[in-house]
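Quick note on labels: first sequence line is chain A, next is B, and so on, each numbered from 1.
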Amino acid sequence: MTTPQDVRESLGRTIVGQAEVVDALVMALLADGHVLLEGMPGVAKTLACRALAAAVGGNFKRVQFTPDLLPSDIVGTRIFDQRSGEFVTVRGPLFANIVLADEINRAPAKVQSALLEGMQERRATIGPDTLPLPKPFAVLATMNPFDADGTYALPLAQLDRFLLNVRVGYPSLENERAIVERFSAVAAEPEVDVVTLADIEAWQADVREVHLNDRVRDYAVDLVRATRGAKYVASGASPRAALALAILARARAFLDGRSFAVPDDVRELAPGVLRHRVAFDYRLAIDGGDGDAVLADIVASVPAP
Amino acid sequence: MPVVSSGAGWIRCADALRILLAYGSSTWRAAVVGVAVLALTPMAASAQSLPRLHITALGLHADQRVVHPGQSFHVTVHVHVKEKPPRLDELVLPALNNAVDLGDERKRVPAADGTDFYETLTVAANTVGMASFSPAYIDAIDPGSGRGMRYSSQSLNVRVTPASGAPVPESDPVADFFRKSMPAMVRGATFLAVAIVAVIAAAIFAVARSRRSRVANVAASERPKPVRKVVPPADQLRDASAAYRARGDDASLDALRNVLFTRAGAAPGATFSDALRALGARDPHLARLMAVAERARFGPVHERAAAARDLLALLDTYAPEGVPAA
């Protein structure tokens, strides 16, 4: 019988180091959410998404976001079929189980909106037809936050659709040596069909059964509320962040083989859940501060139950 | 509560001085007079320049209760007076211990019933431990009584904890010694001076009393002093275990978890993983206890009864005497 740990181990064999990224991807899959991966080029963001898609049997589509991309390139369109003499709907790459939106901030807002609407509503409208997206459905988006030329920043309201925002950092010295040793001659080939779609849907149902104690729930709410009015914070996280923390805490517990979530689950996940949902004010830039450090202070200021 | 410390107040204590001088040798009297002159001269001088103010509030507040080393935070002194003075130069700001002053900002806010003054210090904590602030105070003449008064705020402590994941910064032992010793030396000197005055006063009082009544109360001197009970960590665990065994509710389990986490070396508000990190490989039995307590506290209802039984069984076999006190 396949377990979520099998998926984690499969990804770990393809992606050297980056255990946090692997865990985040698996947890988001278990929590039925979408992930935004941020990091410099070449740190295995896209490979991590491809590895997850390969491990999950099902339909996988990759879209390279560019400034000239149109919404119909994502969602699909209607074309006139001369043989039948009727308009037929052609579904776009959004109709897949795993959609990799590579460099999501390189497409204009209209395209981003089309994608993000699908992420939220789990359905897409093409002409007169509104079609449901397949289950399970997950968007894994990548973004390079440092190379801002020719990009379109995602507004907070759209970022909020992502369950998790994962910072993909550089690997350690040992891991970098291992990467060069393993993949300098042979390209990284992800393991395929480690788990079925039915397994994933069953796990997603199991995650919702994981017990969330009242005090752990309150801790998640307290953490989210602590972002509002905190120093350097222009606007705090919304209740959707508390919901995300709660479901992800359950997913983390499930991944660790527990039937209940603990305060550690909430605290460990808080940076990834809050990072893209909190807007920092100008004073942070003036003081040369780092948003993650501010979030760490906020998290540390809330005592765990 | 205001404390009388101005020269005007002391001068009214001349009767007490006369009583002090009425007893003892000539050397004794000279010493008392010398101490009194030294103590009263600057106070009497400063009393001439004290402002006349109705001070109705003097508080000291921090915007953070827990900070990390290097993290800046604000400490605000608030004074409310019934008058409308343009400035409040006489306000003495708190002395900082284990914190560095990065700047301050003064604000005068006119109010319907007087004036509010806010002195906001921006400070940063130095090292892990406690950043403390002595009381802020102001000397003024109370217009109601005409007496010089010292109005003082409460002292303030802010806990300084290591940043999560950050190593505890190394400190300079010499600087630490002087930083830690200076307040103690000042307190010691103050205590010594107060003790000398108290001994003098007690001696005079005893002589005067013995003249009125020669009956000595021997029984009172032989009465045993009350011993303050110090609860060792093992007792705390025993008490918390007993309370949980007796009540079995969430509150007693929370208290037990806190005792276990403290024994592991974790600070209040820590999580299970913090406690495990602090414990290391020192005590695997305690680690198991904490894990089972976690299940008993946060587990689903149908698992909690079994976890509670496991917890009590583990507590029965736990030997805290072999564990270093947290």
Student: Among side-chain atoms of B:Tyr318 and B:Asp283, is any donor-acceptor pair under 3.5 angstrom?
Tutor: yes
Student: Of the backbone (N, CA, C, O) and the side chain (C-beta and beyond), which part of B:Glu303 lies under 4.5 Å from a heavy atom of chain A, both, or neither?
Tutor: side chain
Student: How far apart are the C-alpha atoms of A:Asp281 and A:Tyr232, what are their side-chain angles, what is the distance that settles it, and do they pass the side chain to side chain contact (heavy atoms under 4.5 Å, CB included) test?
Tutor: CA-CA 5 Å; A:Asp281 65 17; A:Tyr232 294 125; 4.1 Å; yes
Student: For side chain to side chain contact (heavy atoms under 4.5 Å, CB included), just list the numbers for B:Leu93 and B:Val77, CA-CA rounded to whole Å, side-chain angles, deciding distance to a tenth of an Å, and then say yes or no.
Tutor: CA-CA 8 Å; B:Leu93 296 175; B:Val77 183; 4.2 Å; yes
Student: Hey, is A:Arg258 close enough to A:Asp265 for a salt bridge, meaning N to O under 4.0 Å?
Tutor: yes
Student: Identify the heavy atoms of B:Leu315 and B:Ser241 that sit nearest to each other, and give their distance.
Tutor: CD2-OG, 3.6 Å
Student: A:Thr3 and A:Gln5: side-chain donor and acceptor closer than 3.5 Å?
Tutor: yes
Student: Side chain from CB out, backbone as N, CA, C, O: work out which of these in B:Arg304 comes under 4.5 Å of a heavy atom of chain A, or both, or neither.
Tutor: side chain
Student: Looking at A:Ser259, A:Ala261, A:Pro303, which makes the most heavy-atom pairs under 4.5 Å with chain B?
Tutor: A:Ser259
Student: Sort by residue number and list every residue of residues 245-254 of chain B having at least one heavy atom under 4.5 Å from chain A.
Tutor: B:Asp254
Student: Side chain, backbone, both or neither: which part of B:Arg257 has a heavy atom under 4.5 Å from chain A?
Tutor: side chain
Student: Side chains of B:Thr127 and B:Asn98: donor-acceptor distance under 3.5 Å anywhere?
Tutor: yes
Student: Out of B:His61, B:His78, B:His80, which one pairs with B:Tyr118 under the ring-ring contact (aromatic ring centres under 6.0 Å, His included) rule?
Tutor: B:His78
Student: Tell me, for A:Arg215 versus chain B, whether the close heavy atoms (under 4.5 Å) come from the side chain, the backbone, both or neither.
Tutor: side chain
